[in-house]
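Input: a single structure, listed below in structure tokens.
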Amino acid sequence: MLFILLLVFIGITLIQLVYYVFIFGRFSFAKKQNIQPKKLPISIIICAKNEEENIKKYFPLIAAQNYPDYEIVLIDDASSDETLELFEAYEKEYANVKLVKVQNNEAFWGNKKFALTLGIKAAKNEYLVFTDADCYPVSNDWLLQISSQFTKEKTIVLGYGAYEKVKNSFLNKIIRFDAVVNVTQYFSWAKLGKPYMGVGRNLAYKKSEFFNVRGFMDHMKIRSGDDDLFINQAATAANTEILFSPESFTQTTPKTTFKDWLSQKRRNTATAKFYKGFDQFQLGFFLFSQVSFFVLAIILLAFQFQWIIITSIIGFRYLFTWITLGYSAGKLKEKDVIYWYPIIELILIFTQVIVFIKNIFSKPVHWK
């Protein structure tokens with residue numbers, strides 16, 4: 001019996017090798033991107049609901065972009081604070097700001113997708129760039145970087161939405177490491193011709209792509225997924241490009257409590273069950289291989305069965321995973337989280353199991 005478990009353990013390790021080296025390596029070991037700005041007319045879309053404080057901090061960074069032709073479409077989704085008043089002031093102050101006011105609608109109550117749809121329709125330009133009200137670009141060349149990846153064929157650009165670094169916070173390292181793993185996955189699959197998600201904190205596409213799939217209509221009733229469900233439906237090998245130059249990143253303030261971060265993870269995981277069949281399978285199979293690796297390793301070591309072989313396999317697995325994720329973290333300017341990799345990986349796997357169980361018995365809370 002133990003010998004059979006050893007063979008399964010070796011097989012699971014080989015599956016992990018395929019994922020990390022041959023799939024995730026497509027992004028981790030990718031060459032530096034060629035940035036040739038095209039200066040296409042762009043509309044930035046920002047949807048906000050009760051984001052007064054974040055708007056005050058981050059709007060000036062959006063308005064200061066070093067780009068010749070762009071408008072900023074500000075969508076107020078029935079805010080109850082001073083968000084609308086701020087937007088109205090910006091519309092008067094900046095010639096390139098357009099305000100979209102969304103009233104509460106019984107059919108689409110609190111539905112961000114409805115608000116975004118109105119903003120997209122109001123945008124005058126064909127090329128749309130999305131970020132959230134609590135996000136900001138790390139450089140004034142954010143739009144220049146994004147425009148460089150648009151071509152006649154490439155009409156969807158997936159960017160990296162990073163989290164701010166918080167000193168002396170282990171939770172912050174967990175959150176940022178989780179982001180590194182997630183972006184390594186969806187960037188790599190995009191390079192393999194199987195794009196399955198993007199993040200609304202840093203995303204761009206042509207307006208025609210939105211209307212080609214009837215916008216959010218096929219998943220309007222699902223409260224989340226204005227970014228990843230849309231990309232899962234609209235993105236293809238032919239029309240999708242990734243962008244990972246440091247000047248193209250956006251940042252946002254991460255959660256500061258485990259409870260809040262867990263709620264965020266629950267929302268993201270709940271949305272994934274609406275992905276295409278293949279995407280659900282490959283994500284689920286990867287998680288299965290991770291959990292199985294550790295469970296089998298613990299069982300085999302507990303019985304001290306061929307412990308030299310087992311420990312060698314564990315060491316080999318950590319070597320190739322650490323190298324792959326280390327290269328990814330370097331590209332994403334997140335190298336400091338890699339030092340904590342063995343511990344954080346176990347925490348993340350345990351967290352995923354908790355999220356899976358919780359989502360079976362209750363629904364996560366979505367857009368405010």
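- In this structure the side chain of Arg201 never reaches within 4.5 angstrom of the side chain of Asp227, judged on heavy atoms.
- Separation of the Trp189 and Tyr186 ring centroids does not fall under the 6.0 Å cut-off.
- Taking the side chain as every heavy atom from C-beta outward, Lys165 and Lys173 never approach each other to under 4.5 Å.
- Side-chain contact annotation: Glu126 with Ser208, donor-acceptor N/O pair under 3.5 Å present.
- When only modelled atom types and interatomic distance are considered, Thr83 and Glu51 share no side-chain donor-acceptor pair under 3.5 Å.
- Side-chain contact annotation: Gln233 with Asp218, donor-acceptor N/O pair under 3.5 Å present.
- Between Phe281 and Phe278, the ring-plane angle classifies as tilted under the 30° and 60° cut-offs.
- Considering CG of Leu348 and CG of Leu287, their distance stands at 10.5 Å, rounded to 0.5 Å.
- Under 3.5 Å, the side chains of Trp142 and Asn66 contain no donor-acceptor pair of N or O atoms.
- The distance from the CD1 atom of Ile10 to the CG atom of Leu5 is 11.5 Å, given to the nearest 0.5 Å.
- Under the 3.5 Å distance criterion, with hydrogens and angles disregarded, no donor-acceptor pair is assigned to the side chains of Thr253 and Asp134.
- Judged by distance alone, the side chains of Asp76 and Ser79 do bring a donor and an acceptor atom under 3.5 Å apart.
- Counting heavy atoms from C-beta outward, Thr250 and Tyr160 have side chains that stay 4.5 Å or more apart.
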- Given the rule in the salt bridge (Lys or Arg N to Asp or Glu O under 4.0 Å) test, do Lys56 and Glu52 qualify, once you have shown the distances and angles that lead to the verdict? CA-CA 6 Å; Lys56 287 179 182 177; Glu52 175 187 355; 3.4 Å; yes

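- Between Phe114 and Phe216, the gap from one ring centroid to the other reaches at least 6.0 Å.
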All N/O donor-acceptor pairs, side-chain side in residues 12-20, below 3.5 Å, sequence neighbours left out:
| residue | atom | partner | partner atom | Å |
| --- | --- | --- | --- | --- |
| Thr13 | OG1 | Phe9 | O | 2.9 |
| Gln16 | OE1 | Arg317 | NE | 3.0 |
| Gln16 | OE1 | Arg317 | NH2 | 2.7 |
| Gln16 | NE2 | Ser289 | OG | 2.6 |
| Tyr19 | OH | Gln282 | O | 2.6 |
| Tyr19 | OH | Phe286 | N | 3.4 |

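- No side-chain donor-acceptor contact under 3.5 Å links Lys113 to the backbone of Met217.
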- Query: Can Lys101 and Asp77 be said to form a salt bridge (Lys or Arg N to Asp or Glu O under 4.0 Å), step by step?
  - Reply: CA-CA 7 Å; Lys101 303 176 186 179; Asp77 190 10; over 6 Å; no

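- Taking the six-membered ring where the residue is Trp, the centroids of Tyr205 and Phe130 are separated by under 6.0 Å.
- Between the side chain of Ser148 and the backbone N or O of Pro37 there is no donor-acceptor pair closer than 3.5 Å.
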- Would you check, one step at a time, whether the test salt bridge (Lys or Arg N to Asp or Glu O under 4.0 Å) holds for Glu71 with Lys98? CA-CA 7 Å; Glu71 70 167 351; Lys98 179 181 293 182; 3.8 Å; yes

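- Aromatic ring centroids of Phe170 and Trp340 lie under 6.0 Å apart.
- For the residue pair Asn268 and Thr271, no side-chain donor N or O sits within less than 3.5 Å of a side-chain acceptor on the partner.
- No hydrogens or angles considered: nothing links the side chains of Gln149 and Lys38 as a donor-acceptor pair under 3.5 Å.
- Judged purely by distance below 3.5 Å, without hydrogens or angles, the side chains of Ser28 and Thr324 never pair a donor atom with an acceptor atom.
- With hydrogens and angles ignored, the 3.5 Å screen pairs no side-chain donor or acceptor of Asn125 with any backbone N or O of Tyr70.
- For Glu164 and Tyr136, the side-chain atoms include at least one donor-acceptor pair closer than 3.5 Å.
- The shortest distance between side-chain heavy atoms of Ile55 and Leu74 does not fall below 4.5 Å.
- Side-chain contact of Asp228 with Tyr275: a donor-acceptor pair under 3.5 Å is present, judged by distance alone.
- Ring geometry for Phe320 against Phe316 counts as perpendicular: the plane angle is over 60°, on a 0 to 90° scale with 30° as the lower cut.
- When all heavy atoms are compared, the tightest approach of Leu300 to Leu2 is CD2-O, 3.7 Å.
- Residues Ile146 and Ala204 share a closest heavy-atom pair of CG2-CB, 3.7 Å.
- Residues Ile323 and Phe29 form a side-chain contact, since some pair of their non-hydrogen atoms from C-beta on lies under 4.5 Å apart.
- Contact check for Leu243 versus Gln33: side-chain heavy atoms found under the 4.5 Å cut-off.
- Phe187 is not listed as a side-chain neighbour of Arg26, based on a closest heavy-atom distance of 4.5 Å or more.
- Contact of the Phe177 side chain with the Glu334 side chain is not registered, since no non-hydrogen atoms from C-beta on lie closer than 4.5 Å.
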